[in-house]
Amino acid sequence: MKKWITQSVGLLMSGFLFGQTENTQEKEQPMKGYEINGLITGKYTGKVYLVKEDGMHGPQTKVDSCEVIDGRFQFKGDSVPEQSVIYFIQSHDEQLAPIFLEGGQINMNMRADYFLGSSTKGTINNNLWRLHQLQTTG
C-alpha cells in the first residue's frame with residue numbers, strides 16, 4: 001500500500017512539474033515583434049518618428065510616426081531585422097535618440113529639449129547600451 005501511495009504521489013508531482021515547465025516555456029518565448037513605449041518630460045507637442053539610417057551618417061528614412069499625447073508615445077511592429085540594428089526616435093525639430101530595434105518591449109525616457117540623452121531599456125542590446133552610458137557618464 002505504501003509503495004502504491006508513493007508511486008501515485010510521484011506520478012502526480014511529475015505531472016505537476018511537467019505542467020509548470022510547459023507554462024514557463026510559453027512565458028519565456030521572446031516577443032516576435034517590438035513595442036517601444038516612450039516618455040518625454042518637459043513641454044513637447046506633435047509627433048515623433050521612428051527613423052532608420054542607411055549606413056553610417058547615410059540617408060535617413062522615416063519608418064513610422066506617432067502622436068505624442070501627455071508626453072507619451074508608442075510604436076509597435078510585427079517584425080524586426082534579423083540582426084539588432086540602431087534606429088532613432090526623431091523629434092519634430094530633428095533631435096535624435098538612438099535605439100536598438102529588436103524583439104521585445106523597449107522603454108525610453110527622454111527630455112523634450114535633449115533627445116540624445118535618452119535612457120533606453122528592456123531588451124538585451126538596449127540594456128547593454130544603457131549600462132555603457134551609465135559607466136561613461138559616471
Side-chain angles (χ1 to χ4, degrees):
M1 181 76 167
K2 261 184 171 177
K3 187 176 182 181
W4 182 82
I5 291 174
T6 305
Q7 287 176 345
S8 296
V9 170
L11 184 60
L12 287 172
M13 288 302 291
S14 66
F16 173 76
L17 292 173
F18 179 76
Q20 293 301 312
T21 303
E22 290 281 321
N23 289 337
T24 302
Q25 288 174 349
E26 287 175 16
K27 290 178 186 175
E28 290 178 3
Q29 287 182 352
M31 190 173 163
K32 290 182 182 178
Y34 65 89
E35 181 178 305
I36 303 168
N37 297 299
L39 174 64
I40 302 174
T41 58
K43 190 173 183 175
Y44 189 93
T45 56
K47 291 185 176 189
V48 290
Y49 305 91
L50 181 61
V51 175
K52 178 183 179 185
E53 189 172 81
D54 295 325
M56 184 71 80
H57 304 294
Q60 296 176 343
T61 306
K62 291 178 180 173
V63 177
D64 199 357
S65 67
C66 68
E67 200 70 37
V68 176
I69 301 171
D70 295 327
R72 297 187 182 279
F73 65 88
Q74 183 179 67
F75 290 102
K76 286 186 178 183
D78 294 332
S79 63
V80 294
E82 283 186 36
Q83 296 178 347
S84 185
V85 177
I86 295 180
Y87 278 61
F88 296 94
I89 302 299
Q90 184 181 53
S91 68
H92 54 73
D93 61 353
E94 298 189 8
Q95 296 183 70
L96 296 173
I99 183 170
F100 285 93
L101 189 64
E102 52 193 3
Q105 185 173 350
I106 303 166
N107 299 303
M108 297 186 78
N109 290 311
M110 60 194 70
R111 292 185 355 215
D113 63 340
Y114 188 56
F115 269 41
L116 188 58
S118 65
S119 172
T120 306
K121 61 182 179 178
T123 59
I124 293 171
N125 287 308
N126 286 298
N127 290 343
L128 290 171
W129 175 246
R130 183 168 182 254
L131 180 62
H132 171 74
Q133 287 176 306
L134 292 172
Q135 289 177 343
T136 56
T137 58

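Model, not experiment: these values are computed from the prediction.
Taking all atoms of both residues into account, the shortest heavy-atom contact from N37 to Q105 is ND2-NE2, 3.1 Å.
In this structure, the separation between CG on L116 and CE on M110 is 10.5 Å, given to the nearest 0.5 Å. In this structure, CD1 in I36 is found 9.5 Å from CD in Q74, a value given to the nearest 0.5 Å. Atoms OG1 and CE, on T120 and M108 in that order, are 3.5 Å from each other to the nearest 0.5 Å.
Looking at residues two or more places apart in sequence or on another chain, you find no side-chain contact (heavy atoms from CB on, under 4.5 Å) involving D70. Residues satisfying the side-chain contact (heavy atoms from CB on, under 4.5 Å) test with D64, not counting sequence neighbours, are L50, F75. Not a single salt bridge (Lys or Arg N to Asp or Glu O under 4.0 Å) links R130 to another residue, sequence neighbours left out.
Side-chain atoms of N109 do not come within 3.5 Å of backbone N or O of S119 as any donor-acceptor pair.
Between V85 and V80, every side-chain heavy-atom pair lies at or beyond the 4.5 Å cut-off. Contact annotation: the side chain of N126 approaches that of E102 to within less than 4.5 Å [non-hydrogen atoms, C-beta and beyond]. Contact annotation: the side chain of V63 never approaches that of L101 to less than 4.5 Å [non-hydrogen atoms, C-beta and beyond]. For the pair W129/I86, no side-chain contact is recorded, criterion being any heavy-atom separation below 4.5 Å from C-beta on. Residues Y87 and P81 meet the side-chain proximity criterion, which asks for heavy atoms closer than 4.5 Å.
The cluster map of Ile, Leu, Val, Met, Phe, Trp and Tyr, joined by side-chain heavy atoms under 4.5 Å apart, puts V68 and I89 in the same cluster. Grouping the Ile, Leu, Val, Met, Phe, Trp and Tyr side chains by contacts below 4.5 angstrom, directly or via other members, places F73 with Y44. Linking ILVMFWY residues whenever their side-chain heavy atoms come closer than 4.5 Å, directly or via other members, leaves Y49 and I40 in distinct clusters.
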Under 3.5 Å, which donor-acceptor pairs do the side chains of residues 91-99 form with other protein atoms, sequence neighbours left out?
from : atom 1 : to   : atom 2 : distance (Å)
S91  : OG     : D93  : N      : 3.4
S91  : OG     : D93  : OD1    : 2.3
S91  : OG     : E94  : N      : 3.3
S91  : OG     : Q95  : N      : 2.9
H92  : NE2    : T45  : O      : 3.2
D93  : OD1    : Q95  : NE2    : 3.3
D93  : OD2    : Q95  : NE2    : 3.4
Q95  : OE1    : Y114 : N      : 3.3
Q95  : OE1    : F115 : N      : 2.9
Q95  : NE2    : A112 : O      : 3.0

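Side-chain contacts under 4.5 Å among hydrophobic residues (ILVMFWY), followed directly or transitively, place L131 with no other residue at all. Applying the 4.5 Å side-chain rule to ILVMFWY residues, one finds L128 in the same cluster as I124.
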